[in-house]
> 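Mind looking over this structure? Questions follow.
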2 protein chains.
Amino acid sequence: MTPLGRTELKATSQRSVILDIVRAGKGHLDADEIYQRARERLPRLSLSTVYRALAKFKETGLIEERHLDENHHHYEISHHDEHHHLICTGCGKVVEFKLPITEIIIEKVPQAAGFKINHSGELSLSGMCPDCQKKAT
Amino acid sequence: MTPLGRTELKATSQRSVILDIVRAGKGHLDADEIYQRARERLPRLSLSTVYRALAKFKETGLIEERHLDENHHHYEISHHDEHHHLICTGCGKVVEFKLPITEIIIEKVPQAAGFKINHSGELSLSGMCPDCQKKAT
DNA sequence: GTTGATGCAAATCCTTTGCAGGGCA
DNA sequence: TGCCCTGCAAAGGATTTGCATCAAC
């Protein structure tokens with residue numbers, strides 16, 4: 001079986017399909033969406049396998065868990081640059097952008113002095129995109 | 001019964017106790033913690049009342065819901081200035097700080113142009129505080 | 001052959017809802 | 001009085017876990 005990145009995880013077909021889907025999903029899929037898509041290729045797949053695979057991937061740093069909204073998680077392949085999300089409350093569109101928030105904070109926030117902020121610092125803002133603002137009028 | 005801020009909500013003893021606790025909790029209590037504390041004063045209180053009161057308070061803008069961690073919500077009295085949280089992964093300490101992230105983004109992120117970012121934009125970072133870094137060595 | 005991964009079902013956690021009774025305006 | 005609020009119990013969605021089986025190393 002093709003190895004999964006450079007991890008020590010046992011490579012199974014389930015895992016490679018799941019990882020594939022997360023990769024193709026451009027980062028904004030939740031567990032259930034991943035499950036639905038994976039099932040088209042592996043009809044006997046179970047949801048718990050999806051959760052367990054995602055947990056392992058997260059543990060080894062292959063993917064990251066995001067909290068775009070309040071009720072469940074979304075997953076994306078780990079990037080190495082710091083990026084964040086802006087979600088339109090109108091149409092649900094997700095805009096990804098880069099900004100070194102961590103640096104900005106270290107620089108401007110005295111209370112953060114000495115804190116070792118980890119890479120997974122995440123910023124999710126919501127707002128209304130130009131299109132939806134027009135529609136709303 | 002003492003009115004609850006300047007809202008039109010019906011004032012009940014449950015609600016005033018709950019609001020009191022949220023206020024005293026300095027913003028980092030979840031529903032169950034609020035429930036436990038409120039029960040000391042109102043032994044017959046039910047958890048659903050807590051959830052319903054929090055929902056109402058949120059709706060009227062009296063409090064805000066935060067997503068400091070992955071599994072449940074935290075509540076705090078609405079502030080009028082934009083502030084964010086830095087959570088220590090070692091001891092769980094929460095440091096609040098002020099920073100006009102929204103402005104910074106509008107200014108530096110081209111993709112955000114035209115977006116109307118709403119006030120509730122929130123940033124939660126995690127990291128390790130100086131004390132915990134020492135202990136970890 | 002071992003060890004870790006899977007599928008299934010049941011369990012758990014957090015939150016919401018239905019309903020009948022009760023309290024504030 | 002009328003309407004909103006409450007408590008209780010049951011329902012709901014997301015995620016986790018126990019267990020026997022199975023596949024990767």
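Chain naming here is simple, since letters A, B, ... match the order of the sequence lines and numbering starts at 1 in each.
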> Provide, to the nearest angstrom, the distance between the CZ atom belonging to Arg44(A) and the P atom belonging to dT6(C).
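Between P of dT6(C) and CZ of Arg44(A): 14 Å.
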> Nearest to the side chain of Ala11(A), which nucleotide is it out of dC3(D), dC25(D), dC8(D)?
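Among the listed nucleotides, the one closest to the side chain of Ala11(A) is dC25(D).
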> What about Thr12(B), does its side chain sit under 3.5 Å from the base of dC4(D) through a donor-acceptor pair?
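No pair found.
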> Taking Asp30(A)'s backbone N and O only, do any of them form a donor-acceptor pair with Glu33(A)'s side chain (distance below 3.5 Å, no angle check)?
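It does hold such a pair.
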> Choose from dA5(C), dG7(D), dC5(D) the nucleotide whose nearest atom is closest to any side-chain atom of Lys10(B).
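It is dC5(D).
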> In whole angstrom, give the distance that lies between atom NE2 of His72(A) and atom C1' of dG12(D).
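So the two atoms are 15 Å apart, to the nearest Å.
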> How many Å lie between CG on Leu42(B) and P on dG22(C), as a whole number?
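Whole-Å distance recorded here is 18 Å.
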> Counting side-chain heavy atoms from CB outward, which of dT15(C), dT6(D), dG7(C) is closest to Arg15(B)?
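Looking only at heavy atoms from C-beta outward on Arg15(B), the closest nucleotide is dT6(D).
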> Starting from P on dT6(C), measure out to NZ on Lys56(A) and report it in whole angstrom.
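About 10 Å, once rounded to whole Å.
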> Thr49(A) has a side chain; which of dG7(C), dG23(C), dT15(C) sits nearest to it?
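Per side-chain heavy atoms of Thr49(A), the pick is dG7(C).
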> Nearest of dA14(D), dC8(C), dT15(C) to any side-chain atom of His73(B)?
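That would be dT15(C).
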> Which nucleotide, dC14(C), dT6(C), dG7(D), lies nearest any side-chain atom of Arg52(A)?
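Output: dT6(C).
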> Does Tyr51(A) put a side-chain nitrogen or oxygen below 4.0 Å from OP1 or OP2 of dT15(D)?
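Checking dT15(D) against Tyr51(A), a side-chain N or O does come within under 4.0 Å of OP1 or OP2.
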